[in-house]
Amino acid sequence: MVFAGAGTGKTRVLTARIAWLVRERNVFPAKIFAATFTNKAAKEMRERVAKLTGLNCDGLWIGTFHSMCARLLRMEARHIGYNSSFTIYDTDDQQSLMKTILKERGIDEKSLQPKSALHRISSYKNSCIPFAELDGTGKSYADRELISIYGAYQDALKRCNAMDFDDLICNTVYLLHGNEEVREQWRKRFEHVLVDEYQDTNTAQFRLIKLFAGSHGRIFVVGDDDQSIYAWRGAKIENILGFAEQFEGTKVFKLEQNYRSTTSILDLANSVIANNTVRADKKLWTAGEPGREVVTSEFRDDRHEADKVSDKIARLLRDGSKPGDVAILYRTNAQSRSFEDVFRKKKIPYVIVGGLSFYERKEIKDCIAYLRIIANPKDDVSFSRIINVPARGIGDKTQEKIAAAALAQNLSMAEYLAGADAESFTGTAKKGLVQLSKLLSGTTELYTGDFPPKDILEYVLKETGYINLLEAEDTEEARGRIENISELLNAIEEFSDDNPDGTLLQFLEQITLVADIDKWEPGQAVTMLTLHSAKGLEFPHVFLTGLENGIMPSFANMDDKAKLEEERRLLYVGITRAMKTLDISYCKSRLRFGQWTIMGPSMLLNSVPDGMYRFVDEAAMFDYFEPDEPLTPRSSPSPSRSFGSSDRFPSRQAGGGYQQPYGRKEPPQPSWKSAARDAAVKPTRKVLEAPNYDEVSQVEVVLRTGLRIGHAEYGAGKIVHVSGFGADTRIEVLFDSGDRKKMMAKFAKFEIL
DNA sequence: CGCCAGAAGTTTTTT
DNA sequence: ACTTCTGGCG
């Protein structure tokens, strides 16, 4: 076991180990099971191992627990009452299914929310407690009810030939646990087990690796208990803290030299994490530069914060940093909003990782549901989604009738429909069902005839008239949806290009198990992402924002010591992402749920001693309110740290009344020794001028706001917005004709003028 | 069945 | 502030 602190070369250790096993110990890559935290990490490691060994590493089992378990389960599905075409349900699908179950049982959503039922079921699964083990053990009525819902939910999943995320892990455990033949086969197969980010494994994952490696003990795990941030989804920090007791003969190594951050950043990180009680003893150090001191700023509100942070970033860019060197971190996805607004306005290229993903959009989910029902006709959840989409006259009553009739014959709804007698229905419902039935038999023919996934979706779109209906709506929103669907078609085509033998099933699995972060590539734009998504990444310049009680720590985690420690680890993860500079900020007030809410500085900062960072009270500076006023130097602000008593608001009169002459604050005085850096940031008159954002945009971004393009169909125009990145890049163009169009960069026919 | 208006929920984090 | 859900009505 390797305790590898942030930035100590954790990934390198793991890669080197695999390469060593393959090259020096002659272990076949196919006999290695290596679990990583993201698909992206897996892909990179596979490539690095191949490069280090010069061998083909296609057979190497490396990936997330979820994707590797899905792979194993597809091979062994028949042993647990599934077939290999099972669908993987995401959170949305889980909720649809749970809602149906609660409705069937006449349980009011107010007495038991689908989400809360799913959460409790998820906890059982993460601990590998099957329904059978709980049956009859409920102490209260509510307990017994929940347990019985758990059973019903699992039954429904099985009927749908579907598994949720948690099932992928625990079903693998149940399978190996309950079937000796299968277990021995896989045990023999995996001669070596390696796990990255071991601090974030849950009980089910622990049981799995124990099943694989428990007997031979060839297990190698890397992790950092201080970066354990997934307890809320069942991760057990005890797994890493108690590893040596679980696996006899464990050798423990500690990596404490950090190769990423400056001393200033590490000092702060160490002093933050030292307040935690549940942790292994270790301390990061670096032989590197002291670096610029960490700056913590107080802002009036989230808009002010976004405005000032973007100013600071604009300066960094003008002074030679690339947008890709900069990251804005926050606790919740919703916080990206104010930054997004400002970055748009100032034309600074940015990219948001996470949040509502492309595949969660309504029109995309509709398309995916059609594809799923073709690959797995038992999938009633997907079938229910599309049975009347687009509207074809099949209403609630008809749907209920079909569901009941299907259940009576022990068939799924799609299976029932395929063999149903149209004459048993009447009117519009009959017409619609005949239409749907025809459509599905058509797609099934294409599917069994091995037509590429793209053809199948195109057939569905044509037969349903989905696109035509959207076109007829003739709204901006509908046009956006059409663009999204073309983008989906593109994604499918790209998938087929990358995986010539790729099946529809594999495509569907990929889009469910691949996270937004997996597609992210460094370099093009300022990255905005949550602290959770940022784990494992590093950036020269980091802005850690919204450090307020209620956000970080979240309201839900403020009163519980263990939960508070996890929030502290989250802060620690954020701090240790920074290589050269770190700017921390919080707001005194924030717009939440459309309401202004008074916020206070995070209690996590209270335990940090003075001198760990420089505090700047930016809320007392008023340039934010009257940005067009001429710049005048301001009398030096008294930098004071006053957490706990910092509830004094700046003397801003209601109605934005006249304030005393203000000035932009002096840029931070460099406090470090590097002469070269000194020259670069020496405060000059020029620095005080408003940054020229056009200049700032002059970066290696091919497509950016403000660029003029010529389009084959619409003529010349200007890009007014760029979203997404890589192959997903989308642009919004204002054409000289006055037309505004959103298009996919990859798809649109245009040239840069 | 489909439309509309008003109500209710959203923001903790993700595979 | 914004989206999604719900119930009543034509």
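Lettering of chains follows the sequences in order, A, B, ..., and the numbering in each one begins at 1. None of the values given here were measured: they were computed from a predicted structure.
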Taking 4.0 angstrom as the limit, do A:R569 and A:E566 come out as a salt bridge?
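Yes, charged N to carboxylate O under 4.0 Å.
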
Note: A:E305-A:R590 ion pair, threshold 4.0 Å (strictly below):
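So A:E305 pairs with A:R590 through a salt bridge.
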
Checking contacts here: which listed nucleotide ([options]) is nearest the side-chain heavy atoms of [X]?
X: A:H66; options: B:dT15, B:dT14, B:dT12; value: B:dT15
X: A:A391; options: B:dG2, B:dT10, C:dC2; value: B:dG2
X: A:E567; options: B:dT12, B:dT14, B:dT10; value: B:dT12
X: A:R233; options: B:dT13, B:dT11, B:dT15; value: B:dT15
X: A:F593; options: B:dT15, B:dT10, B:dT14; value: B:dT10
X: A:T91; options: C:dC2, B:dT15, B:dT14; value: B:dT15
X: A:A556; options: B:dG2, B:dT15, B:dT12; value: B:dT12
X: A:N333; options: B:dT11, C:dC2, B:dT13; value: B:dT13

Over all strands shown, is [X] touching base, sugar-phosphate only, or nothing at heavy-atom distances under 4.0 angstrom?
X: A:K563; value: nothing
X: A:T512; value: nothing
X: A:I394; value: sugar-phosphate

Interatomic distance where CD belongs to A:E363 and P belongs to C:dT3 [whole Å]
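So the CD-P distance, A:E363 to C:dT3, works out to 14 Å.
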
By centroid distance (under 5.5 Å) and plane angle (under 30°), are A:W232 and B:dT13 in a stacked arrangement?
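Check passed, A:W232 stacks on base of B:dT13.
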
